[in-house]
Amino acid sequence: MTSNDAAAADAVTARGRYELPPQAGQVMSVYTLQMRLYAKSWTPYLLILLAALIPISMFILDILSDGPVSDILDPEIVFVLLPYMIALIPAVFAGRVLSSEFKNRTAYLTFPLPVTRTVFFIGKLMAAMTLSLSIMLLGFGLGIVMSDVYGIALPDDTAMALMLSLFGIFAITAMAYALSAVFKRGSVAATIAIVIVLPLVLEFILLIVYLVTNISEETLDGILDILHIMPVSVGNVALGMIAGNGSPFAPAAYMIAATAWGIAFILLGWFLMNRKEL
Amino acid sequence: MTNAIDVTSLTKSFGNLTALSEVTMAVRKGEYMGLLGPNGAGKSTMLKVITGMIMPTSGTVSVNGIDCRDHRRAMETVGCVIETPECYPNFTPVEVLDYIGRIRGVPGNQISARTREVLEEVRMWEWRNKPVGKFSKGMKQRVTLAQALMPDPDILIMDEPTSGLDPRGMMEVREILAGLKRSDRSLLVSTHMLNEVSEVCDSVTVIRKGKLVMSGNVRDLLRRTEKDVTLEVTLRRDMTDDFMKDLKEFENVSGTERINNYTFSASFAGPEDREGLVELVKKHGLGLLTLNQKGSDLESLYMSLTGEDDTDDIK
């Protein structure tokens, strides 16, 4: 037993009133806190509305159109918001979890408590993941149900597209969460910028490189393919699979890339938060 | 016997700025200590290091004998209010305390009762179901005080708990703090107000520009500030030479200055006799308009402790 262990035992037995719960229990307390905070804010309700936008649109279209909706719609249109949902949902749920704690000074309430920052980090991350994944599942589920109701045939790859979307959500949520440990504000904008603008910027740069250098078209395609394996492209790939176009790479490659991306950002965020001085 | 808080050779630098330099101090078990110093002295930095919000550059800090780098265990018996934290504005005091209670190990079936106890202790029970965001600063401060008390801590650490409050709020918080005293509880409270220390604490540590100036009993400190008090008096009528002559011979007066025909200052080398001075003015039929102590107690204290005028620092 170290001197710290002995002193800690003395301190608690001398007082003998409350004993700290295990760290897993503290993680659950932080998780519950964050879920309650979500429940009291407007963002989950807005994003549920976003997830339900396509089914609602289909329903309205059904009322307004003369013939059957399945003649007008194909699966790609039913899931057209998928890439934006993969960008927006994590950005809103995870992109300001930590930054708001620092900006609103609520971190001053929790950080002096007998809770490690790792516990705080994991609890909040779990809540952001829960909500992001749940709303993605809800949106996807509603799309499938509405397709079934209106007789729109979905390709066999739909289940795999759902899996890809969930991995994409995991990766982008982890990134948004890590950014929220760095920026006091603007992490939502930064996430959206990275997910939506970054691929366009990279492709534009590559196009210029292609035009001013002698690289072959095959090399350019190869580089573009590698870029497309990043989680920022997962939404488009999943949408392509729902449209029956398959995917440029094996789905497992996207899942591995998304997992690696997510874990890397979780570690980065954890490292930054542990170093943060208030 | 282990001290409640031990700080040894603590140094904290932010780049080129040294906020704390080789500070050594201890809070004994059961002791109420005031950490006194002007703004920028390093008080908040010291409390943040103790509570693990920032890491020391060098030196050690232990709470109940537990090194503060083991944050979880060191803070187990500590309740803190550091830099006026914000509670979640959409939460009610009951919800805030539910979170704090669970994370600190108050059993689920005792949380409601304990919540009631601490909210009554800080006089916030009737506001228990209103969102914290709608509260005044004083009420928010009392909620943060309640969260610090939730685990029934052995050690309380408070960073300027009356900062930004109106006089009534200040008085209420001081009363609450004084009412928390018990033999096995220690308090470390930072403030720049000497009267706060004298009302609540048994001992005091004074820091200035990141360095320890003195540490000791509050009564000793107050005795030191009683020396060299200067009173500034404004009269209704012109001063007479006879009055000035009597004033110079007045008990403990070490010096006088005639500022204008109506105003003078008198310095005292020992306890000042204000009532006697008022009587003297009355005896000469001059009429008293105002009588003020020149500078605050804290200014006098710093002058007494450091032998230099730190008025600029204090402002």
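Reminder, nothing fancy here: chain letters follow the sequence lines and each chain counts from 1. We use all heavy atoms of the structure for the numbers below, so side chains are in, but hydrogens, waters and symmetry mates are not.
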Given A:M28, A:K40, A:R117, the one with more heavy-atom pairs under 4.5 angstrom with chain B than any other is A:K40
Within 45 degrees of the axis of the six-membered ring of A:F102 and under 6.0 Å from its centre: does A:K276 put its NZ or CZ there? yes
Cut-off 4.5 Å, heavy atoms of chain A, and the answer for B:C80 is side chain
The single option from A:V115, A:T32, A:V119 that satisfies side chain to side chain contact (heavy atoms under 4.5 Å, CB included) with B:I103 is A:V115
If one checks every heavy atom of B:I100 against chain A at 4.5 Å, the contacting part turns out to be side chain
Honestly, the part of B:E83 sitting under 4.5 Å from a heavy atom of chain A is both
Cation-aromatic face contact B:K181/B:Y32, 6.0 Å, 45 degrees: yes
Applying a strict 4.5 Å limit to non-hydrogen atoms, the region of A:R275 in contact with chain B is neither
Under 4.5 Å to a heavy atom of chain B? For A:Q23 that would be both
Highest number of heavy-atom pairs under 4.5 Å with chain A among B:Q147, B:R114, B:R102, B:R104 belongs to B:R104
Within the 3.5 Å criterion, strictly below it, is a donor on B:N129 or B:T92 matched to an acceptor on the partner's side chain?
no
Applying a strict 4.5 Å limit to non-hydrogen atoms, the region of B:E95 in contact with chain A is both
Looking only at A:L109, A:V30, A:L33, the option with the highest number of non-hydrogen pairs under 4.5 Å against chain B is A:L33
Scored by heavy-atom pairs under 4.5 Å with chain A, the best of B:I157, B:T144, B:D98, B:V78 is B:D98
Exercise. Within the side chain of B:S186, is there an N or O that forms a donor-acceptor pair under 3.5 Å with the backbone of B:I155?
Worked result: no
Compute the ring centroids of A:F93 and A:Y177, then answer whether they are less than 6.0 Å apart.
no
Aromatic ring centroids of B:Y99 and B:F91 under 6.0 Å?
-> no
